[in-house]
Amino acid sequence: MGKLWGGRFEGKSEAWIDSFGASIPFDQTLAKQDILGSLAHVKMLAKTGILTTDEAKQITFGLNTLQQKLNAGELEFSIENEDIHLNIEKHLHEEIGPVAGKLHTGRSRNDQVATDMHLYLKEVVQEVIVKIHLLRQVLVDKAEENIETIMPGYTHLQHAQPISFAHHMMAYYGMLTRDQERFSESLKRIDISPLGCAALAGTTFPIDRAYSAKLLGFASIYDNSLDGVSDRDFILEFLSNSSILMMHLSRFCEEIILWCSHEFQFIELTDTFSTGSSIMPQKKNPDMAELIRGKSGRVYGNLFSLLTVLKGLPLAYNKDLQEDKEGMFDTSHTILTSLEIMAGMVESMTLNTDIMEKATEKDFSNATELADYLANKGLPFRQAHEIVGKLVLECTKQGIYLQDVPLEKYQTITPLIEADIYQTLASKTAVERRTSYGGTGFEQVQAAIMRSKLKLANEEN
Ligand code: ARG
């Protein structure tokens, strides 16, 4: 048997050209979805009387056999059959003979491939949601163990104000919560069936699109057949949500990498998440964190390549659309594995809490405390800022910190400063006193953790 669409052709095909046009090397990932889509389609064809019960029975039997072969790894695909749809149809012919040719009644590969991708992404996004949820759980656990762990908070990568390590973890929790919401909200636009839109214009057969959609578990169907076969927004949205997710993971990885460095020494990763150097025996490199940071590049790339593929396409189907798949598969795999690695890495990392806290003692990150102290005693904040700024300059010249300045000196600056200043300047006090909602004060952090635990538990129900 020649090509399934070979009727109109006289000339011979050439293998090297066929190979350029083929998508089977990568779209075989959709084999499961393709068979499921066909099973629903044939059931609908029988229900509407377009096929006889017997024909539908034979086709269903053939498709089930292919499903079993696929599960057993016994289904082979060939380049001559171009893509997953034609490969499956060819196999069906081999299983059940010419009646297989009736399966394609009232549909086209255009709605077929779109259906497969909707089914595929629906499954992937549900998995992504579970994995983000798990990582958020890890972050909350890490935070809960470290409410009173003090670290320098940074702006411009300069010590700014001391914060709780838990607060830092909970910031990532916040980002990942939004990521998870974005994926959840996108499901609504993935969960739509294009099946029955046919090539572009619908079909003359009395099909029941709502029925096949229901069989496949879709929540709704496309209203417009042209839109149904040419819409790839749901993939773009997935790639865009994935890019934002990877950007968050990459920022986190960047911090992990810094924190592991000799200069920081705030954390240590377990051996499992580190690798050595082939030349420098002492090295323990945070390769996994670097790789996640690096892999954000390919995910952004996948988003941009699909945006570019789509931007000039006239309606409806064009072969360009075949280029929508590899980036989607690659992104799915990349984000799912990155989320897993991230969860394991964060869960198992150990903190050098002493080093972290000490880093807030040999610095000026308590300068705001002194300024706030003066403002509390009635000095306008701008004036207090000026006084403390000058004092910091003097201290840096002498190589001392604010907590080393003797009380007598403080009182020559302003008698407003009393002996309780040293307590105020302690980093723990600085953190503790930031009691404004959403701030780093221990009670605020504790409350944020409680809210998150409740939210996580609710999501599981
Ligand atoms: N392999 C094709 C793709 O992925 C399937 C749709 C082919 N349709 C067509 N009219 N050539 O886009």
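None of the values given here were measured: they were computed from a predicted structure. Any value given below was found using the heavy atoms of this structure, including those in side chains, with hydrogens, waters and symmetry copies removed. Count residues from 1 along the sequence. Order of listing sets the numbers, starting from 1, for every ligand and every atom in it.
Interface of H85 with ligand 1, defined as ligand atoms under 4.0 Å from a residue heavy atom, comprises 5 (C). Listed by number with element, the atoms of ligand 1 under 4.0 Å from a non-hydrogen atom of Q322 are 1 (N), 2 (C), 3 (C), 4 (O), 12 (O). Close contacts of ligand 1 with S23, meaning ligand atoms under 4.0 Å from a residue heavy atom, involve 1 (N). The distance from ligand 1 to the heavy atoms of D83 drops below 4.0 Å at these ligand atoms: 1 (N), 2 (C), 5 (C).
For the ligand labelled ligand 1, residue E82 lies outside the 4.0 Å heavy-atom shell. Contact annotation: K325 has at least one heavy atom less than 4.0 Å from an atom of ligand 1.
K142 places a side-chain N or O within donor-acceptor distance of the main-chain N or O of M349, the cut-off being under 3.5 Å. With hydrogens and angles disregarded, no donor-acceptor distance shorter than 3.5 Å links the side chain of N81 to the backbone of F77. Looking at N352, its side chain never comes within 3.5 Å of a backbone N or O of D354 through a donor-acceptor pair.
Looking only at atom types and distance, the side chain of R136 has a donor-acceptor partner in the side chain of T177 under 3.5 Å away. Using modelled atom types, one finds a donor on one side chain and an acceptor on the other under 3.5 Å when comparing H133 with E460.
The protein heavy atom nearest to atom 3 (C) of ligand 1 is Y317 OH, 3.3 Å. Among protein heavy atoms, the minimum distance from atom 8 (N) of ligand 1 is reached at N110 OD1, 2.9 Å. Protein heavy atom nearest atom 11 (N) of ligand 1, with residue, atom name and distance: R109 NH2, 3.5 Å.
Of the residues listed (R189, R232, R182), the one engaging E237 in a side-chain hydrogen bond (donor to acceptor under 3.5 Å, both in side chains) is R189, and it is the only one.
Here the straight-line distance linking atom CD of E82 with atom CD1 of I24 works out to 10.0 Å at 0.5 Å rounding.
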